[in-house]
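First comes the structure, then the notes that go with it.
Side chains included, hydrogens not; waters and symmetry mates left out as well; all remaining heavy atoms used.
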Amino acid sequence: MDKNRVNLKICGSSYTIITEDDPAYVEELGEYIDKEMKQINAESPSLSVTQCAVLVALDRADACRKATASSDNLRAQIKDYLEDSARARMEVDVARREIERLNREISNLRNRLAGK
């Protein structure tokens with residue numbers, strides 16, 4: 001895959017990123033980080049750029065971990081739903097076979113009654 005060179009400006013510093021990702025995507029990430037850092041700096045102007053970056057990194061790590069836990073939970077729920085669905089399909093198959101058996105029995109009984 002081709003390598004892309006992307007120039008970002010975050011909190012007044014320039015960064016050149018070499019990535020296989022789409023440059024527009026990387027630029028969007030850079031703009032997001034820049035915005036987050038500027039917001040933290042506006043709320044707490046005494047913080048250094050490094051401190052702002054650490055706070056943004058902690059916030060993003062927290063969001064990532066929570067999203068991972070949420071997706072794991074959703075996967076477990078989906079697995080349970082699939083198991084329930086498979087169990088229900090099996091029960092339907094059993095019920096259909098029983099209905100067919102009962103219909104045959106009814107038919108046999110009708111034939112016997114008609115023959116008497």
Side-chain angles (χ1 to χ4, degrees):
M1 191 166 218
D2 292 337
K3 301 276 185 187
N4 298 306
R5 190 180 287 283
V6 182
N7 295 311
L8 303 176
K9 190 152 187 135
I10 300 174
C11 280
S13 295
S14 295
Y15 301 91
T16 300
I17 308 295
I18 298 173
T19 180
E20 292 178 354
D21 290 325
D22 178 33
Y25 171 73
V26 176
E27 288 169 0
E28 188 178 311
L29 291 176
E31 290 169 6
Y32 176 78
I33 297 300
D34 183 58
K35 177 184 165 199
E36 290 289 307
M37 288 181 63
K38 285 179 179 176
Q39 182 178 346
I40 289 173
N41 189 256
E43 293 169 1
S44 302
S46 62
L47 295 178
S48 70
V49 172
T50 302
Q51 289 170 319
C52 290
V54 168
L55 290 175
V56 170
L58 284 171
D59 183 58
R60 294 298 85 217
D62 175 55
C64 180
R65 190 165 278 189
K66 286 177 181 173
T68 299
S70 179
S71 67
D72 289 345
N73 183 39
L74 287 172
R75 271 191 283 282
Q77 286 179 357
I78 289 169
K79 181 182 175 207
D80 290 344
Y81 294 148
L82 290 173
E83 288 170 358
D84 289 347
S85 174
R87 195 173 311 112
R89 277 194 302 270
M90 195 167 34
E91 289 171 3
V92 165
D93 288 343
V94 168
R96 281 189 183 136
R97 284 193 299 274
E98 180 65 10
I99 289 168
E100 289 171 6
R101 186 191 68 76
L102 290 171
N103 281 334
R104 282 191 306 273
E105 189 176 326
I106 289 170
S107 179
N108 290 337
L109 290 171
R110 282 187 181 148
N111 288 339
R112 271 201 258 161
L113 283 173
K116 284 190 175 186

Does CZ belonging to R101 count more than 12 external heavy atoms closer than 6.0 Å?
yes
Counting C-beta onward and ignoring hydrogens, is there a side-chain heavy-atom pair between R75 and D72 closer than 4.5 Å?
yes
Check whether more than 12 heavy atoms from other residues, nucleotides or ligands sit under 6.0 Å from atom CD of E28, and answer yes or no.
no
Regarding T19 and N4, do their side chains bring together a donor and an acceptor under 3.5 Å, going by distance alone?
no
Enter the distance from Q51:CD to M37:CE here, rounded to the nearest 0.5 Å.
10.5 Å
I40/V56 under side chain to side chain contact (heavy atoms under 4.5 Å, CB included): CA gap, chis, key distance, verdict
CA-CA 8 Å; I40 289 173; V56 170; 3.6 Å; yes
Heavy-atom check, side chain of I17 versus side chain of R5, under 4.5 Å
no
When rounded to the nearest 0.5 angstrom, what distance separates CD1 in I78 from CG in L74?
6.0 Å
Nearest-0.5 Å distance that lies between atom CZ in R60 and atom CD1 in I33:
7.0 Å
dist N73:CG -> T68:OG1 (nearest 0.5 Å) comes out at 12.5 Å
OH (Y15) and CD1 (I10) are apart, to the nearest 0.5 Å, by 6.0 Å
Got a sec, which hydrophobics cluster with I99, joining ILVMFWY side chains under 4.5 Å apart, including via others?
none
Locate the shortest heavy-atom distance separating A42 from P45; write the atom from each residue and the value.
O-CD, 3.9 Å
Should R65 and D62 count as an ion pair when the cut-off is N to O under 4.0 Å?
no
Taking the side chain as C-beta and beyond, is there a heavy-atom pair between E83 and D80 under 4.5 Å?
yes
With a 4.5 Å cut-off on side-chain heavy atoms, are R110 and S107 touching?
no
Can you tell me how far apart CE (M90) and OG (S85) are? Round to the nearest 0.5 Å.
11.0 Å
Would R97 and E100 pass as an ion pair if we require N to O under 4.0 Å?
no
Pair D34 + K38, salt bridge at N-O below 4.0 Å
yes
Do E27 and L8 have side-chain heavy atoms sitting under 4.5 Å apart?
yes
